[in-house]
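Below: the structure, in structure tokens.
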Protein chains: 2
Amino acid sequence: MDTMSDELVHPERDEIRIEAVLHALADPVRLHLVREMDRIGVGVACGAIELPVTKSTRTHHLRTLREAGVIRMRKEGTSRIGTVRRDDLDARYPGLLSAILSAES
Amino acid sequence: MDTMSDELVHPERDEIRIEAVLHALADPVRLHLVREMDRIGVGVACGAIELPVTKSTRTHHLRTLREAGVIRMRKEGTSRIGTVRRDDLDARYPGLLSAILSAES
DNA sequence: GTCGAACTACGATGAATCTCGTACTATGGA
DNA sequence: TCCATAGTACGAGATTCATCGTAGTTCGAC
């Protein structure tokens, strides 16, 4: 193809909505994903986080998190490297992410 | 009736789950309800907060918030007085409620 | 007692969504 | 080139959920 904008779609910081963030983090599988990404810190291959769901379900949850603006994903070979958008979330909703991630499950 | 435990059921502070709180606040109608209750501060008649939904839908949302541990409700005549459980939420998830309620909608 | 107001209970309906399996694409190594 | 790996796309099934209407309950006023 010619113009292959091969990048994944992410909302801008200003486009992140609080309802979408809360909905994304309300699911136990997605909350686990985000906790693991945050714990590891640097970009992590999303497939490396073990989950009790299949590959396609994992893809679904990662897309939900990405479209809500909670994580950022970039392609690297055949893998996807995911990071928590802590800077954007802290700027837009100060204290929210810390409060959620520090809560004991 | 004889033993009429006329009180509404609320989870104890220790029983509040973060997933339930996030799910409860992810709905725009419920988030509006909680914001109004928090703004008014003291107990407010739940029916006084105007909403674009019917009475039975309002009841459904108030029950969701109550069962998640976000609000407390007590009976007063034929009305229900609702208050945000800020003390319990702040104790269990410090900063969470402030972060959510101070977010511009 | 009777009436209205506030709220709840219950069932129905349509939409969202969590899950999966299968098929497909893309990347990199042998 | 061939193939394995990592991920996505798509459709299906089951569940959850937001919404409503109607009926029923409870309380206070008259």
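In what follows, every chain begins at residue 1, and chains take the letters A, B, ... in the order their sequences are listed.
The phosphate of D:dG7 has neither OP1 nor OP2 within less than 4.0 Å of any side-chain N or O from A:Thr59. The phosphate of C:dT8 (OP1 or OP2) has no side-chain N or O of B:His60 nearer than 4.0 angstrom. Residue A:Ser56 places no side-chain N or O under 4.0 Å from the OP1 or OP2 atom of C:dG21. Between D:dC20 and B:Arg58, no contact under 4.0 Å exists linking OP1 or OP2 to a side-chain N or O. Put simply, A:His61 has no side-chain N or O that comes within less than 4.0 Å of OP1 or OP2 on C:dT17.
Residue-level contact check: A:Ser79 touches the backbone only, with heavy atoms under 4.0 Å from sugar-phosphate atoms and none from bases.
Atom NZ in B:Lys55 sits roughly 17 Å away from atom P in C:dC10 (whole-Å rounding). Summarising the geometry, the separation between CG on A:Leu8 and C1' on D:dT8 is reported as 10 Å, rounded to the nearest angstrom. One atom, CZ of B:Arg80, and another, C1' of C:dA9, lie 13 Å apart when rounded to the nearest Å. Here D:dA6 presents its P atom at 12 Å from CD1 of A:Ile81, a figure rounded to the nearest Å. When rounded to the nearest whole Å, the span between CD of B:Glu19 and P of C:dC18 equals 13 Å. Atom CG of B:Leu22 and atom C1' of D:dC17 are 17 Å apart (whole Å). Between A:Arg63 atom CZ and D:dT8 atom P the separation is 8 Å, expressed in whole Å. Protein atom CG of A:Leu51 is 15 Å distant from nucleotide atom C1' of D:dA6, rounded to whole Å.
Between A:Glu76 and A:Val29, the residue whose closest nucleotide on DNA chain C is further toward the 5' end is A:Val29. The nearest heavy atom of DNA chain C to B:Cys46 and to A:Gly77 marks one nucleotide each, and the one closer to the 5' end goes with B:Cys46.
With B:Asp38 as reference, B:Leu101 is the one residue of B:Ile71, B:Leu101, B:Ile100 to meet the side-chain contact (heavy atoms from CB on, under 4.5 Å) rule.
No side-chain heavy atom of B:Ile81 sits under 4.5 Å from any side-chain heavy atom of B:Val42. For the pair B:Val70 and B:Leu25, the minimum side-chain heavy-atom distance is below 4.5 Å.
Comment: B:Arg13 does not engage B:Glu15 in a salt bridge, judged by the lack of any side-chain N to carboxylate O separation of less than 4.0 angstrom. Ion pair A:Arg72/A:Asp88 flagged as a salt bridge, since at least one NZ, NE, NH1 or NH2 atom sits closer than 4.0 Å to an Asp/Glu carboxylate oxygen.
At a cut-off of 3.5 angstrom, the base of D:dG28 holds no donor-acceptor pair with the side chain of B:Thr78.
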